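Bear in mind that the values here come from a model prediction, so they are computed numbers and not experimental data. Below, read A as the first sequence line, B as the second, and so on, with proteins coming before strands; counting in each chain starts at 1.
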Amino acid sequence: LKNLLNRERVQALVTFAFGVILWAYTYVMPTSKMDPVGPTAMPRFLGIVIALVSVVQFLISKGPYEAPKKEKHFEHLAFLVVSVAIYLFLFEVIGFIIDTFVFLIVFVLYFNRAPFKEKIKGAVLFSAGFTAFLFIAFRVCLKILLPTLFITI
Amino acid sequence: MVELFMSAMANMVSLKAILFITAGVIWGIVGGAIPGISASIAMSLMLPFTYGMDPLLALPMLASVYVGAEYGGSIPAILIEAPGTGAAAACMSDGHALQQRGEGGKALFVSLYSGVIGGLVSVVLLVFIAIPLAKFAVRFGPAEYFLLGLCGLSMVGTIAADSPCKGLISGAFGLLLSCVGMDQFTSVKRFTFGIPHIDEGLDMIPVLVGVFAMGSIYYQIFTNEVFDVKSAKFVMSWPSRKEMKSITWISFIAGIWGTFVGALPGAGANIASWSAYAQAKNLCKNTEDFGKGDVRAIAAPESSNNAVPAGALIPLLGLGIPGSNSTAILMCGFTIAGIACGPLLFEQRPEVPYTMMAAMLVAQIVMGAVGMFVINPLAKLTSAPKHYLTPAIIMFGLLGSFATCNQTYACWIVFACGFLGLVMKWFKFIPSATALGFVLGDLVELNMRRAMQLSSFGGISIFFEGTINKVLIVVLIASIALPIISTKRAETAKRKEAEAAESGN
């Protein structure tokens, strides 16, 4: 079973299922009598293409499962994802300046491996400087309406 | 033709145009020089800034980013043995060998000099090929365009991927993403799932920034690449007169080669630079120093690599089909400016294609002028800690996308598409094929439906009528089948070798 269902074949099964679901979904999608070809033609065509190519992928894949060689760091990725999500949630609540400053400082502190006392100064300077640069570039020069809370320029 | 080109040149040598082109070239060199930021990422980060700009300045600036990035990639390859772009890897062994011998400055000069020659050669070829191609392509109807779009997409997908099938699925997924939102023929909503923001479809910029820039950052952090930092210092030195003579003719030939490879959909800078390296090794005499610091081994791939941007403009301007992810982003720039690429552009707005050609020429000259001055600061930038560079790129991507519609929703699209890019990279799908499919989606669907409407109420017989269609179908089948067969053969050969080695043990 390990040889039959290698990594490539499992992926091919997933994409095949996706193609079939897409193809089936086009029969319940809203359509229009105005156009004889209809808005479902392209998704249906793509569903068929994805399913057929997945079948070819399944058939030509052979060999045992090979694990990817690169080391994975789920904790770093989770940190990044959560911090970006929080940044976006708070973007219009606390305004661009505070939100960006805090995001940058937290990011630099987390990913810089130096001792805290060494990295805090660089993190604060970088975060303040880069936030100011972004504010000037986007708000002042490009006139983008960034949410700035109480600061009005 | 000559009058239009000279008029475009006159516009491009104005102070304002030169400033925009210089900004584009420098941004491209910076983007190319930072490992992990490719030409397409640098261009996608620049794309939001082109909103509302004069198209005859915005498009040359974007094209200049492409030109600059192809050169910029060689700087970290030579200095710190970390290629900024995939194509720059071809000059890495010889360039870094020279750097280790204290001749890094010479390697960088050769890279710039040959890059500029390759770029200039390619612009001349662009002028002479794109126009006849556009005249021929005026005969194309919707069926031909549909097949041509599929050919471009399948070539990019199958050549770029380790597994051609994954490349095709990636491209098809990109086409599917372009279907999201209100159908342009009937206004029926597709795949919106009740989310009001996406009724008008997914914006190009957040999707491209997400798939390329954010996806790369997620992937680099996921695989721990964010902490790899190397320092770079170099001493300036110059090639001898004999070396200059030998690299000049190599650069001319490699420039011609790079233009043709760049014009082929899917081939791109990687194939151009590696194949030029291999050919230089075959054609030159006394190649025993190739790989150990031979300047000819830097000149050939760098010239070919820098000829690719102008070469890639040939199908974009002549046919309206982008042949690579970078030209797909350039096509987005055209769309943002409200300009449709393709052969009719030469009739309806001839100033645009000629401006692009003139801009490519000026960008090469600007790159030659500023290329050496930016090396020192770039040497420092390439060795800057990634924990500063990475959040800076994240902020540019998020705010650049926010700027397109002044809504946080665009940032969420970047966030989500970043995941898509990460998953695709991790499972070895091709984000660039998805991006190309997304950009080509409207063109492919529009022409497919128009052709089917013309063909007796929804039939597909129209796709098999006429010589051009038949040729395109053969090309399409070959572009899908040949890579699958060759990959299969390579895998079988590898398996047999492994089995033979095991039985020998």
- request: Begin with the C-alpha distance, continue with both residues' side-chain angles, and end with the deciding distance and a verdict on side-chain hydrogen bond (donor to acceptor under 3.5 Å, both in side chains) for B:H387 and A:Y110.
  value: CA-CA 9 Å; B:H387 48 257; A:Y110 180 84; over 6 Å; no

Side chain to side chain contact (heavy atoms under 4.5 Å, CB included) assessment of B:F222 paired with B:W426: CA-CA 10 Å; B:F222 189 44; B:W426 186 248; 3.9 Å; yes

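Using a 4.0 Å cut-off between charged side-chain N and carboxylate O, B:K166 and A:E8 make a salt bridge.
Interface remark: of the candidates B:L399, B:I394, B:L422, B:T408, B:L399 forms the most heavy-atom pairs closer than 4.5 Å to chain A. Of the listed residues A:V49, A:T40, A:T26, A:V81, the one with more heavy-atom pairs under 4.5 angstrom with chain B than any other is A:V81. By number of non-hydrogen pairs under 4.5 angstrom with chain B, the leading residue of A:G47, A:A78, A:G38, A:G19 is A:G38. Taking A:V53, A:L88, A:L77, A:I50 one by one and counting their heavy-atom pairs under 4.5 Å with chain B, the maximum is reached by A:L88. Among B:K189, B:R449, B:Q184, B:E445, the residue making the largest number of heavy-atom pairs under 4.5 Å with chain A is B:R449. Ranked by non-hydrogen atom pairs under 4.5 Å with chain B, the options A:S54, A:A41, A:A123, A:A85 are led by A:A85.
If you measure heavy-atom distances from A:M42 to chain B, the contacts under 4.5 Å come from both the backbone and the side chain. Both the backbone and the side chain of A:L145 come within contact range of chain B, with heavy atoms under 4.5 Å apart. If you measure heavy-atom distances from B:F415 to chain A, the contacts under 4.5 Å come from the side chain alone. Looking at A:T31, the atoms closer than 4.5 Å to chain B (heavy atoms on both sides) all sit in the backbone: N, CA, C or O. A:F16 does not touch chain B: none of its heavy atoms, backbone or side chain, sits under 4.5 Å away. Interface remark: B:C411 contributes backbone and side-chain atoms alike to the contact with chain A (heavy atom separation under 4.5 Å). Heavy atoms closer than 4.5 Å to chain A are found in the side chain of B:M214, but not in its backbone. Residue contact with chain B, scored on non-hydrogen atoms closer than 4.5 Å, is absent for A:F79. Interface remark: B:Y409 contributes no atoms to any contact with chain A (heavy atom separation under 4.5 Å). In this structure, chain A has no heavy atom under 4.5 Å from any part of B:I485. Residue contact with chain B, scored on non-hydrogen atoms closer than 4.5 Å, is absent for A:L109.
B:S163 and A:Q57 share a donor-acceptor pair across their side chains, judged by distance under 3.5 Å alone.
Geometric assessment of A:R44 against the ring of A:Y25 yields a negative cation-pi assignment under the 6.0 Å and 45° thresholds.
Taking the six-membered ring where the residue is Trp, A:F103 and A:F107 present tilted rings, their angle falling between 30° and 60°. The aromatic rings of B:F396 and B:W27 sit perpendicular to each other, their planes meeting at more than 60°, with 30° as the lower class boundary.
The neighbour count for B:W412 CH2, taken as heavy atoms of other residues, nucleotides or ligands under 6.0 Å away, is above 12. Heavy-atom contacts from other residues, nucleotides or ligands closer than 6.0 Å to CD of B:E200 number 12 or fewer.
Between the side chain of B:T50 and the main chain of B:L47, a donor-acceptor pair closer than 3.5 Å is present. Formation of a donor-acceptor pair under 3.5 Å by the B:R450 side chain with backbone atoms of B:P142 is not found in this model.
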